[in-house]
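Since the structure comes first, as structure tokens, the remarks are kept for the end.
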Amino acid sequence: VHSMQGNHIAGVATPASGAAQVEVWRGRMDAGAATPPHRHDTEEVVVFLAGSGRATVGGREVRYAPGDTLILPANEVHQIFAETESEFVGAMP
């Protein structure tokens, strides 16, 4: 488990566990936590299991609630803000 500033993430399927094409991560964000603004060179898909908050994706803002899916395009700066404790699963090539 990697933890930083209220963000906690654990690999479910990673190269270290044998995944060759897709990585899957399970994460939790403390209420009030935010990820740093960042980008990836591949698309990322995040499915929220619990909690609510918002995300900025390339300058636009979207809200999330349980069951929502956030698709983050490759090379697009994004940031996620948890208003309540949030849980999610993320996947990327």
Side-chain angles (χ1 to χ4, degrees):
V1 175
H2 304 281
S3 294
M4 178 181 69
Q5 300 175 346
N7 299 290
H8 316 279
I9 192 163
V12 176
T14 64
S17 66
Q21 295 184 24
V22 177
E23 292 186 22
V24 178
W25 298 83
R26 177 142 185 157
R28 181 178 57 79
M29 296 178 71
D30 297 339
T35 65
H38 64 287
R39 71 177 82 205
H40 307 280
D41 59 359
T42 61
E43 179 180 79
E44 180 180 12
V45 176
V46 179
V47 178
F48 292 95
L49 307 174
S52 61
R54 61 187 174 85
T56 57
V57 182
R60 66 182 164 77
E61 186 171 289
V62 296
R63 298 205 49 84
Y64 73 82
D68 287 345
T69 299
L70 181 61
I71 299 173
L72 304 165
N75 298 309
E76 195 79 46
V77 174
H78 57 275
Q79 186 172 19
I80 300 173
F81 303 87
E83 294 171 353
T84 65
E85 184 173 304
S86 299
E87 294 182 28
F88 62 90
V89 173
M92 63 177 34

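Taken to the nearest 0.5 Å, the CZ atom of Arg28 stands 9.5 Å off from the CG atom of Asn7. Annotation: the span from Ile80 atom CD1 to Leu70 atom CG amounts to 5.5 Å, rounded to 0.5 Å.
Contact annotation: the side chain of Asp41 approaches that of Asn75 to within less than 4.5 Å [non-hydrogen atoms, C-beta and beyond]. Put simply, the side chain of Leu49 reaches to within 4.5 Å of the side chain of Arg26, judged on heavy atoms. Side-chain contact between Val12 and Val89 is absent, with no heavy atoms from C-beta onward closer than 4.5 Å.
Using a cutoff of 4.0 Å between basic side-chain nitrogens and carboxylate oxygens, Glu76 and Arg60 are not scored as salt-bridged.
Looking at every heavy atom in both residues, Pro66 comes nearest to Ala50 through CG-CA, 3.9 Å. Smallest separation of non-hydrogen atoms from Val1 and His8: CG1-CB, 4.4 Å. Across all their heavy atoms, Gly6 and Ala33 have their closest contact at O-CB, 3.6 Å. When every heavy atom of Glu83 is checked against every heavy atom of Ala31, the shortest pair comes out as O-CB, 3.8 Å. Residues Ala82 and Asp30 come closest through the heavy atom pair CB-O, 3.6 Å. Between Pro93 and Glu43 the shortest heavy-atom distance is CD-O, 3.3 Å.
Remark: the backbone N or O of Thr35 is paired with a side-chain donor or acceptor of Gln79 at under 3.5 angstrom. In this structure, the side chain of Thr84 engages the main chain of Ser52 through a donor-acceptor pair within 3.5 Å.
Residues satisfying the side chain to side chain contact (heavy atoms under 4.5 Å, CB included) criterion with Ala65, sequence neighbours excluded, are Asp68. Listed by chain and residue number, nothing satisfies the salt bridge (charged side-chain N to carboxylate O under 4.0 Å, His left out) test with Arg39 (two or more places apart in sequence, or in another chain).
Hydrophobic cluster membership is shared by Leu72 and Ile9, with clusters built from Ile, Leu, Val, Met, Phe, Trp and Tyr side chains linked at under 4.5 angstrom. Phe88 and Val57 fall within the same hydrophobic cluster, defined by Ile, Leu, Val, Met, Phe, Trp and Tyr side-chain heavy atoms under 4.5 Å apart, directly or through other members. The same ILVMFWY cluster, assembled from side-chain heavy atoms under 4.5 Å apart, contains both Trp25 and Met29.
Between the side chains of His38 and His78, a donor-acceptor pair is found at a separation under 3.5 Å.
The local environment of CD in Gln21 is sparse, with at most 12 non-hydrogen atoms from other residues, nucleotides or ligands closer than 6.0 Å.
Applying the ring-ring contact (aromatic ring centres under 6.0 Å, His included) definition to pairs two or more places apart or across chains, those involving residues 54-77 are Phe48-Tyr64.
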